[in-house]
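Order of listing sets the numbers, starting from 1, for every ligand and every atom in it.
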Amino acid sequence: MNVRLIKFPRHTDKYGNLVPIEENRDAPFEIRRVYYIYGVEQGVRRGFHSHVDLEQVLICVSGSVKILVKTPEEEQEILLSDPQEGLYIGPMIWREMFDFSEDAVLLVLASDHYRVEDYIRDYGKYAEMVKNGRSEDGRYDR
Ligand code: T46
């Protein structure tokens with residue numbers, strides 16, 4: 001699965017910690033968008049989609065959250081609770097986010113602007129697209 005944990009550099013001194021993230025170095029793409037999710041109530045599950053082309057790095061900068069990443073072949077549950085760690089998620093990976101702690105702030109770095117057309121929100125359709133693969137021009141038939 002095109003998913004991996006990235007450990008960011010951290011500068012720690014008596015004044016606290018600082019974690020820098022640079023595009024094409026610590027994040028493996030150009031960062032075109034940043035957003036964050038917080039104030040998620042207990043029991044809420046978000047996501048339930050894949051992206052066709054978008055790459056992202058998810059960082060839980062406060063608290064903790066669990067991420068389910070899934071393809072038709074395999075799935076994995078990852079706990080994010082370390083602000084020095086990011087979860088890279090490549091294109092065509094189903095994701096769900098759940099078990100947000102009360103103080104959770106999930107920061108996301110994204111490789112593109114917000115594009116509704118890049119979302120696949122139906123799991124059956126997603127699995128079908130994975131099965132059929134990309135055509136020669138690199139696109140997926142929808
Ligand atoms: C993802 C996971 C990890 C915008 O207007 N601009 C944005 O850049 C984003 C990300 C969202 N929105 C709007 C669209 C919806 O009206 O914010 C609302 C909530 O978005 P959504 O339901 O897609 O949120 P999640 O938590 O299910 O998914 C988000 C990202 O959308 C998605 O790309 O991978 O976080």
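Aromatic pair F48/Y126: centroids not less than 6.0 angstrom apart.
The protein residues lying under 4.0 angstrom from ligand 1, judged by non-hydrogen atoms, are R33, Y35, I37, R46, G47, H49, H51, Q56, R95, M97, Y114, Y119, R121.
Considering only residues two or more places apart in sequence or on other chains, K7 meets the salt bridge (charged side-chain N to carboxylate O under 4.0 Å, His left out) condition with D82.
A salt bridge is absent between K125 and D122: the closest approach of a Lys/Arg side-chain nitrogen to an acidic carboxylate oxygen does not fall below 4.0 angstrom.
The 12-atom threshold is exceeded at OH of Y123, counting heavy atoms of other residues, nucleotides or ligands nearer than 6.0 Å.
The only member of V105, I67, L87, L80 that meets side-chain contact (heavy atoms from CB on, under 4.5 Å) when paired with C60 is L80.
In the hydrophobic cluster analysis, where Ile, Leu, Val, Met, Phe, Trp and Tyr join through side-chain heavy atoms closer than 4.5 angstrom, M97 is grouped apart from L68.
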